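Numbers restart at 1 for each chain; the letters A, B, ... are given by sequence-line order, proteins then strands. The model shown is predicted, which means the values in this text are computed figures rather than measured ones.
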Number of protein chains: 2
Amino acid sequence: MNTSPAELPRSLAGLSLRDLEYAQAVAELRHFGQAAERCGVSQPALSEQIRKLEAILGVTLFERARRRVTLTPAGTALLAQIERVMAEARHLLTLSHEQPEGLAGTVGLGAIETLGPYYLPALLRLLRAVRPDVSLRLTEGRTARLLERLADGTLDMVLLAAPVPRGRFGAAPLFFEPFQLAAPPGHALAGLRRLMLDDLPTQDLLLLEEGHCLRDHALSLCDAKPVTRHATSLETLWQMIAAGEGYSLLPELAVVARPELRDLVVCRRLDDTTAGRTIVLAWRASDPREAAFRDLATLLAKNRPPCTHAPAPG
Amino acid sequence: MNTSPAELPRSLAGLSLRDLEYAQAVAELRHFGQAAERCGVSQPALSEQIRKLEAILGVTLFERARRRVTLTPAGTALLAQIERVMAEARHLLTLSHEQPEGLAGTVGLGAIETLGPYYLPALLRLLRAVRPDVSLRLTEGRTARLLERLADGTLDMVLLAAPVPRGRFGAAPLFFEPFQLAAPPGHALAGLRRLMLDDLPTQDLLLLEEGHCLRDHALSLCDAKPVTRHATSLETLWQMIAAGEGYSLLPELAVVARPELRDLVVCRRLDDTTAGRTIVLAWRASDPREAAFRDLATLLAKNRPPCTHAPAPG
DNA sequence: CCCTGCCATAATCAAATCCTATGCTGCGGC
DNA sequence: GCCGCAGCATAGGATTTGATTATGGCAGGG
């Protein structure tokens, strides 16, 4: 048996907007038949719904004389309120149609620390040009924390290095950012004609601390044993390299952003085209704005930074 | 085939207050299952209605993550409007329960001219004592016009002499008002021990003009040929009688209201108890306030003027 | 790695709603 | 004064809506 729907004192007791619409039509036209026609239903259907509405309200709204339908005093009072309900309901529909399809208002964007300072300025410039109505709330952090913030709704989009865990998140590639070798001036590698990953020394690899995806990427590419001291940021890493403590692989956007350091650190692109990382835009898989995110990703991919490549397919 | 309800652009497009209630519950509890429980439906039913609502609005209101339900930006905006719709709808129910059951506000009351001036003061006094919140809009007129005004809604109640045409109108008797013979001083009838209808002369019967029910009543009782001149009001009739132009039958309330005329006109109650008229309260048969009208009629009957009788049954 | 929580989906079923046809009752015309 | 018309109510049957239970799938915690 069901949970006896008839007895539960539902807060709205079966009140229906359609019935209110019927009542409005009758009140305006003072004619059940014409009201039914306007509402696109048969006259008996409308009569029955009006009757049901009156039963719900406990008030007779209309006085049915043979030739004339009139509003009762109570009906006059209630129809005024019905008008308000309908106006609010219609406004709801209006508002819903005015809702922007894609991004709007303030959107939370996060970026990994090894990318944000070098890429976000260009991204902001582009977004301001194409969508000046959208404002961003920016956050930097490491991959794990960014994904947490993304999952809990604090952020809506994050810029990461691929791969992004599947399932809870959606992602689209933006560009492939090559890594450059960064070494102290006069380093032996600076003179090689071709510079391959295999050429990298197995010692003196300087890395960021745990949690930076750049650390993992470099480590997996170099097949080297990192030094035990680690840098807490790219800026620190620059200085450690300049101090001659070792070499590292740096993302190209970070390199080109600091031309003034060329005297202190020698940077050189590797000839291995695979040495680098794919930057992706990620979002919650459950976020209904997926289409907008993909559009934004496409836009960003088309306007990728000059030194980067198109991302590898897949 | 029906009139394809799916294609007609109904102004509210199937929007339902119940769905809005479901959406409110989900927005508040952030949990489909708990929201379903609060709404007294199963979780799939609620999910489906939310889905339907989102389709109608063209907006995804909620972001369904496995562990967390959150409002989308558009959902946040629309839920505020949904709150307004629901508030107005709830207010409608509140108002409907506050509607007075019976008479309230201003009620249009009509009375025939041969009764109103003599009875309405007492009626107003009584109504003010028992229902001070009800105010009356008073009209006097002849029976035909009063019934027109009653039918078209200008009036809500009328005081008439029975009978009232059945069908469109409802009516309840208030009291039986005897007629008194009104004759010039020294008239032969003044000396009779018993005064019966048969004793009335067949000549010199003075009457009101056409349209007054009192004229018809007197004429049907007297079996006399009225004089060709007629009075336009009871006051005129008094004066014609005082001038010795003839006699008439006057309703007792009009007689007792004018004690100062006793020197000019001799008034005497007939011994025929049937000589008189039954005053009734009438209303539109279609007026849903019938119970209130009957209650008022009962009240008036219990407080009938001292000189009148209880109405004849039937 | 299984177990639990939670929303979505599927299949079925009850009920609300609508339609057509018909009844009833004043009103106006011939 | 009888009759047809207008107009809301009623009846019965069909369709759509919305509800139920059962099940699936996926993420998170022990």
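In this model, the phosphate group of D/dT20 is approached by a side-chain N or O of B/Ser42 to a distance below 4.0 Å at OP1 or OP2. OP1 or OP2 of C/dT17 has not a single side-chain nitrogen or oxygen of A/Tyr22 nearer than 4.0 Å. The phosphate of C/dG5 has neither OP1 nor OP2 within less than 4.0 Å of any side-chain N or O from B/His31. For B/Lys52 and D/dT17, the shortest distance from a side-chain N or O to OP1 or OP2 is not below 4.0 Å.
Of the residues near DNA chain C, B/Arg68 and A/Gln49, the one whose nearest nucleotide (by heavy atom distance) lies more toward the 5' end is B/Arg68. Comparing B/Gln34 and A/Ser16 by the nucleotide of DNA chain C that holds the closest heavy atom to each, the one mapping nearer the 5' end is B/Gln34.
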Polar atom pairs (N or O), protein with nucleotides 26-29 of chain D, under 3.5 Å:
unit_1	atom_1	unit_2	atom_2	d
D/dG28	OP1	A/Arg168	NE	2.9
D/dG28	OP1	A/Arg168	NH1	2.7
D/dG28	OP1	A/Arg168	NH2	2.9

Distances under 3.5 Å only, N/O to N/O: pair up the protein atoms with those of nucleotides 10-13 of chain D.
unit_1	atom_1	unit_2	atom_2	d
D/dT10	OP2	A/Arg51	NH2	3.4

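Nucleic acid contact for B/Ala45: base, since at least one base atom lies under 4.0 Å from a heavy atom of the residue.
B/Gln24 has its side chain out of reach of B/Leu29: every pair of non-hydrogen atoms, C-beta onward, lies at least 4.5 Å apart. Taking 4.5 Å as the limit, some side-chain heavy atom of B/Gln81 sits within range of a side-chain heavy atom of B/Val85. Considering only heavy atoms from C-beta on, B/Ile279 stays 4.5 Å or farther from B/Leu160 through its side chain.
The distance from atom CD of A/Glu37 to atom C1' of C/dC19 is 16 Å, rounded to the nearest whole Å. Note: CZ (A/Arg18) to P (D/dT16) measures 15 Å, nearest angstrom. Following rounding to the nearest Å, B/Phe169 (CZ) and C/dG26 (P) show an atom-to-atom distance of 11 Å. One can place CZ of B/Arg64 at 13 Å from C1' of C/dT9, the figure rounded to the nearest angstrom.
Between A/Glu113 and A/Arg215 no salt bridge is recorded (no basic side-chain N to carboxylate O distance below 4.0 Å). Salt bridge status for A/Arg68 with A/Glu63: absent, with no side-chain N to carboxylate O gap under 4.0 Å. The pair B/Arg294-B/Glu290 counts as a salt bridge, with a side-chain nitrogen and a carboxylate oxygen less than 4.0 angstrom apart.
A donor-acceptor pair is defined here as one N or O able to donate and one able to accept, closer than 3.5 Å; no such pair exists between the side chain of A/Arg84 and the backbone of B/Ala89.
Here B/Phe169 pairs with nothing under the ring-ring contact (aromatic ring centres under 6.0 Å, His included) rule; sequence neighbours left out. Checked against ring-ring contact (aromatic ring centres under 6.0 Å, His included), A/Phe62 has no partners two or more places apart in sequence or in another chain.
A heavy atom lying under 4.0 Å from DNA chain D marks none of the residues of residues 153-164 of chain A.
Nearest heavy-atom pair, A/Ala13 versus A/Ile56, reported as atom, atom and distance to 0.1 Å: O-CD1, 3.5 Å.
For the side-chain hydrogen bond (donor to acceptor under 3.5 Å, both in side chains) condition, the pairs that include at least one residue of residues 146-160 of chain B, sequence neighbours left out, are B/Asp152-B/Thr154, B/Asp156-B/Arg284, B/Asp156-B/Arg289.
Minimum atom distance to the side chain of A/Phe32 is reached by D/dC8, of the listed C/dC18, D/dC8, C/dA8.
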